Amino acid sequence: MKRKGLLVVLVMMAIAAIAGCSSSKGDDGKLVIGIDDKFAPMGFRDDNNEIVGFDIDYAKAAAEKMGQEVTFQPIDWSAKESELNSGRIDMIWNGYTITDERKEKVLFTKPYLENSQVVVVLADSALAKLDDLAGKEVGLQSLSSAADALDASPLKAKIANVSEFPDNVLALTDLKSKRLDGVVIDEVVARYYMSKEKGTYKLLDESLAPEQYGIGIKKGNEALLEKLQKALDELSSEGTAAEISTKWFGENKVLN
């Protein structure tokens, strides 16, 4: 009987452990959001090393609506989906472009911001349009939507070399050092640095690809997705999303 009793206890403990593992992320009242902390103005570190940005404020407001605490976890952006699917983070929320390939890996909210991939060059550069990049040195962030946009463009075959960087800041540093002729980058990011370093950069006339940002959640966690989308919809309807956008962009750019 003692052996049977012990067996029953072990079985019950195993069932409890399995149930705990299968519960939805976020159910404990805490959300861990994976970000690239060098992706201004969406999420980045200010002069005091504090993580700030549009997506940061937007996420905090959504978490408050959801009645949950939020932590921002800087991650290797090239491993973002692995971080999500491993359970180390609950969301990818930092200028995360919605693509068909990514839809196969994660759940997405409705788009909340429009963007495009553009090419930044130095202000005194003779380059003016995309075709001028033929035979030139170009940089971009590795495994980013900038890389996807360039891969899908016939322009890539004309470029002499494409260098990949862990983040946009390093790519722009090489551009300023003239080791690169141009950087493929998100327009919202490019315009932020253009406003901070006036007279340093300019954009080529054409863009590579239009796109939209969304928040990524692990597949199978529809409950968290629904709860988040409800919070985002409320932030839009009450005007909070517009206020956050105006703070960072000078206008309301949030999609309703």
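The shown structure was predicted, so the numbers you read here are calculated from the model rather than taken from an experiment.
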Here the gap from I217 atom CD1 to T109 atom OG1, rounded to the nearest 0.5 Å, amounts to 7.0 Å
Determine the sole option in Y58, F108, F39, F72 for which the ring pair (Phe, Tyr, Trp, His ring centres under 6.0 Å) test with W93 is passed.
Y58
Closer than 3.5 angstrom, by distance alone: can the side chain of K30 be matched with the main-chain N or O of E69 as a donor-acceptor pair?
no
Taking the side chain as every heavy atom from C-beta outward, state whether F44 and V52 have any atom pair closer than 4.5 Å.
yes
From the list K105, R88, K218, salt bridge (charged side-chain N to carboxylate O under 4.0 Å, His left out) partner of E83 resolves to R88
Which pair of non-hydrogen atoms, one from P166 and one from S142, has the smallest distance, and what is that distance?
CA-OG, 4.5 Å
Are the side chains of K110 and L232 in contact, using a 4.5 Å heavy-atom criterion?
no
Looking at P74 and I51, what are the two nearest heavy atoms and their distance?
CG-CD1, 4.1 Å
Return the CD to CD1 distance between Q73 and I92, rounded to the nearest 0.5 Å.
13.0 Å
Do N48 side-chain atoms and E50 backbone N/O form a donor-acceptor pair below 3.5 Å?
no
Calculate, to the nearest 0.5 Å, the distance between atoms CG and NZ belonging to L208 and K156 respectively.
12.0 Å
Between K129 and D205, does any side-chain N to carboxylate O distance fall below 4.0 Å?
no
Kindly give the heavy-atom pair with the smallest separation between G220 and L107, and that separation in Å.
N-CD1, 3.9 Å
Can you tell me how far the CG atom of L172 sits from the CD atom of Q141, to the nearest 0.5 Å?
10.5 Å
According to a hydrophobic-cluster definition based on side-chain heavy atoms being under 4.5 Å apart (Ile, Leu, Val, Met, Phe, Trp, Tyr only), do V120 and F165 belong together?
yes
Has the side chain of S78 got a donor or acceptor atom that lies under 3.5 Å from a matching backbone atom of L143?
no
Distance, nearest 0.5 Å, that separates CG of N252 from OG of S236:
8.0 Å
Name every donor-acceptor pair, under 3.5 Å, that has one atom in a side chain of residues 182-190 and the other anywhere in the protein, sequence neighbours excluded.
residue : atom : partner : partner atom : Å
D186    : OD1  : Q117    : NE2          : 3.4
D186    : OD2  : N115    : ND2          : 2.8
D186    : OD2  : Q117    : NE2          : 3.4
D186    : OD2  : Y213    : OH           : 2.6
E187    : OE1  : S116    : OG           : 2.6
E187    : OE2  : R191    : NE           : 2.8
E187    : OE2  : R191    : NH2          : 3.1

Regarding T240 and E238, do their side chains bring together a donor and an acceptor under 3.5 Å, going by distance alone?
yes
Just checking Y192 against W248, ring centres under 6.0 Å apart?
no
Do you know the tightest heavy-atom contact between L175 and L122?
O-CD1, 3.5 Å
Any side-chain to backbone donor/acceptor pair from S245 onto A241? Under 3.5 Å, distance only.
no
Any idea which heavy atoms bring M66 and L31 closest together, and the distance?
CE-CD1, 4.0 Å
Side chains of E81 and Y96: donor-acceptor distance under 3.5 Å anywhere?
yes
Got a donor-acceptor contact below 3.5 angstrom from the S86 side chain to the S82 backbone?
yes
Donor-acceptor pair, side chain of K136 and main chain of K158, under 3.5 angstrom:
no
Are any of the side-chain heavy atoms of S163 and L180 separated by less than 4.5 Å?
yes
hydrophobic_cluster_shared for L150 and L203, side chain cutoff 4.5 Å
no
Does any non-hydrogen side-chain atom of M91 lie less than 4.5 Å from one of L228?
yes
Quick check: do I35 and M42 have side-chain heavy atoms less than 4.5 Å from each other?
no
Over 60° means perpendicular and under 30° means parallel, so classify the ring planes of F54 and F249, tilted if in between.
tilted
Donor-acceptor pair, E206 side chain versus L130 backbone, under 3.5 Å?
yes
In this structure, would V118 and L204 fall into the same cluster of hydrophobic residues linked by side-chain contacts under 4.5 Å?
no
Quick one: does D181's side chain have a donor or acceptor within less than 3.5 Å of a partner on E137's backbone?
yes
OH/Y193 to NZ/K176 distance, rounded to the nearest 0.5 angstrom?
9.0 Å
Check for a donor-acceptor pair, side chain of K202 on one end and backbone N or O of A128 on the other, with a separation under 3.5 Å.
no
Is it true that K80 and D36 have a side-chain N and a carboxylate O under 4.0 angstrom from each other?
no
Would you call K230 and E234 a salt bridge, taking side-chain N to carboxylate O under 4.0 Å as the test?
yes
Any side-chain to backbone donor/acceptor pair from D55 onto G95? Under 3.5 Å, distance only.
yes
Do V121 and Y201 share a hydrophobic cluster (ILVMFWY, side-chain heavy atoms under 4.5 Å, transitive)?
no
